[in-house]
Number of protein chains: 2
Amino acid sequence: MKSNVKTRHEARAKIIKAMAHPSRLFIIEELSKRECCVNELTEMIEADTSTVSKHLSVLKNAGLVTDEKRGNSIFYSLRCPCIMDFVSCVEDVLSSNAKEHIEILKCCKG
Amino acid sequence: MKSNVKTRHEARAKIIKAMAHPSRLFIIEELSKRECCVNELTEMIEADTSTVSKHLSVLKNAGLVTDEKRGNSIFYSLRCPCIMDFVSCVEDVLSSNAKEHIEILKCCKG
DNA sequence: TGGCTATTTGGCTATATTGCCAAATATAAT
DNA sequence: ATTATATTTGGCAATATAGCCAAATAGCCA
């Protein structure tokens with residue numbers, strides 16, 4: 001693979017990898033509705049605060065979210081709303097998978 | 001997090017995780033142009049055949065690609081072309097990141 | 001100042017992923 | 001049948017990730 005092509009895909013993979021976790025997808029979905037602080041997300045996810053904080057830092061590092069300190073809290077928000085379009089594409093794959101499984105079941109039954 | 005919400009995000013994460021690797025993104029991009037067999041992809045990627053084969057099985061397992069045996073080879077193709085729309089969203093994030101870095105540099109220079 | 005709340009960081013263990021090699025399998029061609 | 005070609009599988013070592021606890025940090029308020 002040519003070096004510049006490799007670099008391009010590494011950059012993309014970095015961002016996609018940041019999304020590739022259930023809790024982080026949950027966070028992305030919540031932030032697409034409204035900005036949230038760490039505490040709010042922690043309560044929703046029901047994990048350790050430090051764990052959620054680390055997830056947020058992964059997302060921030062990838063450039064998917066931004067944070068803003070206001071009063072006592074830090075509010076996170078989604079940086080590129082187009083991310084949610086992607087989630088809908090993932091849903092397409094999922095339903096496509098489900099259809100195929102149903103087809104396979106039909107075939108088994110004969 | 002409610003159990004059904006958790007399940008939904010786990011399913012999504014599984015698919016996204018399958019995309020989250022430079023070589024697999026390269027494969028997805030190539031397959032979006034035309035179907036390819038393992039050998040072709042192996043030559044392009046310049047890795048061990050077994051490595052590429054395993055990447056393909058990850059993609060297949062997630063339902064992102066299908067394979068079809070023809071003659072001596074197995075041809076892989078992309079199952080949901082909308083995946084490429086997502087890649088363009090990732091590009092948005094990347095260029096948005098780049099812009100921000102440039103802004104930061106400007107600020108430093110004063 | 002000193003305590004309070006919100007968040008991040010360090011450290012650790014458990015688990016998952018990657019990529020190579022060698023070996024197994026499958027199919028085509030001679 | 002034997003050989004050659006294409007692909008997958010098993011095994012292993014190196015590396016990366018996840019999540020918890022404890023401790024550190026930062027800003028607010030009395």
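Since this is a predicted model, take the numbers as computed values, not measurements. Quick note: numbers below take in every heavy atom, side chains included, and nothing from hydrogens, waters or symmetry partners.
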**Study point:** Rounded interatomic separation in angstrom, taking CE from B:M1 and C1' from D:dG19
**Key:** 13 Å

Review point. For D:dT8, does either OP1 or OP2 sit under 4.0 Å from a side-chain N or O belonging to B:S53?
Key: yes

**Study point:** Interatomic distance where CZ belongs to B:F26 and C1' belongs to C:dG19 [whole Å]
**Key:** 18 Å

Review point. Is the side chain of A:E40 donor-acceptor paired with the backbone N or O of A:C37 at a distance under 3.5 Å, no angle test?
Key: yes

Review point. Counting just side-chain N and O atoms, does B:S50 come under 4.0 Å of either OP1 or OP2 of D:dT8?
Key: no

Check your understanding: Just checking B:K69: base, sugar-phosphate only, or nothing, at a heavy-atom cut-off of under 4.0 Å?
Key -> sugar-phosphate

Exercise for review: Measure the acute angle between the ring planes of B:F26 and A:H9, then classify it against the limits of 30° and 60° as parallel, tilted or perpendicular.
Suggested key: perpendicular

Study note, to complete from the structure: Among the nucleotides D:dT7, C:dC20, D:dA18, whichever has the atom closest to the side chain of B:I74 is D:dT7

Point to revise | Candidates C:dG19, D:dA6, D:dC20 - which lies nearest the side chain of B:H55 | key: C:dG19

Review point. Looking for any heavy atom pair under 4.0 Å, which part of the strands does B:T51 touch: base, sugar-phosphate only, or nothing?
Key: base

Check your understanding: For B:K17 and A:C37, take the nucleotide of DNA chain C holding the closest heavy atom to each; which residue's nucleotide lies nearer the 5' end?
Key -> A:C37

**Study point:** Base-pairing assignment for D:dA30 (Watson-Crick or G-U wobble, both under 3.5 Å)
**Key:** C:dT1

Review point. Should B:V58 and B:I74 be counted in the same cluster of Ile, Leu, Val, Met, Phe, Trp and Tyr side chains packed under 4.5 Å apart?
Key: no

**Study point:** d(CZ, B:R70; C1', D:dA6) in whole Å
**Key:** 15 Å

Point to revise | Whole-Å gap separating C1' (C:dG19) and CD (B:E46) | key: 15 Å

Check your understanding: Just how far, in rounded Å, is P of C:dT8 from NZ of A:K54?
Key -> 11 Å

Review point. Which residue lies toward the 5' end of DNA chain D, A:A47 or A:G71, if each is placed at its nearest nucleotide?
Key: A:A47

Point to revise | Distance, rounded to the nearest Å, where B:E10 contributes CD and C:dA16 contributes P | key: 13 Å

Review point. Do the side chain of A:T42 and the main chain of A:V38 share a donor and acceptor less than 3.5 angstrom apart?
Key: yes

**Study point:** Under-4.0 Å side-chain N/O to phosphate OP1/OP2 contact, A:N72 with C:dA6
**Key:** no

Practice item. Provide, to the nearest angstrom, the distance between the CG atom belonging to A:D48 and the C1' atom belonging to C:dT8. Key: 12 Å

Review point. At under 4.0 Å between heavy atoms, what does A:R24 touch on the DNA or RNA strands: base, sugar-phosphate, or nothing?
Key: sugar-phosphate

Exercise for review: Report yes if at least one side-chain N or O of A:Y76 is closer than 4.0 Å to OP1 or OP2 of C:dT8; otherwise report no.
Suggested key: yes

Review point. Counting side-chain heavy atoms from C-beta on, which of D:dG19, D:dT7, C:dT7 comes nearest to A:T49?
Key: C:dT7

Exercise for review: Assess whether salt bridge (charged side-chain N to carboxylate O under 4.0 Å, His left out) is satisfied between B:K6 and A:E46, documenting all intermediate values.
Suggested key: CA-CA 11 Å; B:K6 193 176 173 186; A:E46 291 169 344; over 6 Å; no

Review point. In terms of the angle between their ring planes, are A:F86 and B:F86 parallel, tilted or perpendicular, with boundaries placed at 30° and 60°?
Key: parallel

Practice item. Find the distance A:E68:CD to D:dG27:C1' and express it as a whole number of Å. Key: 15 Å

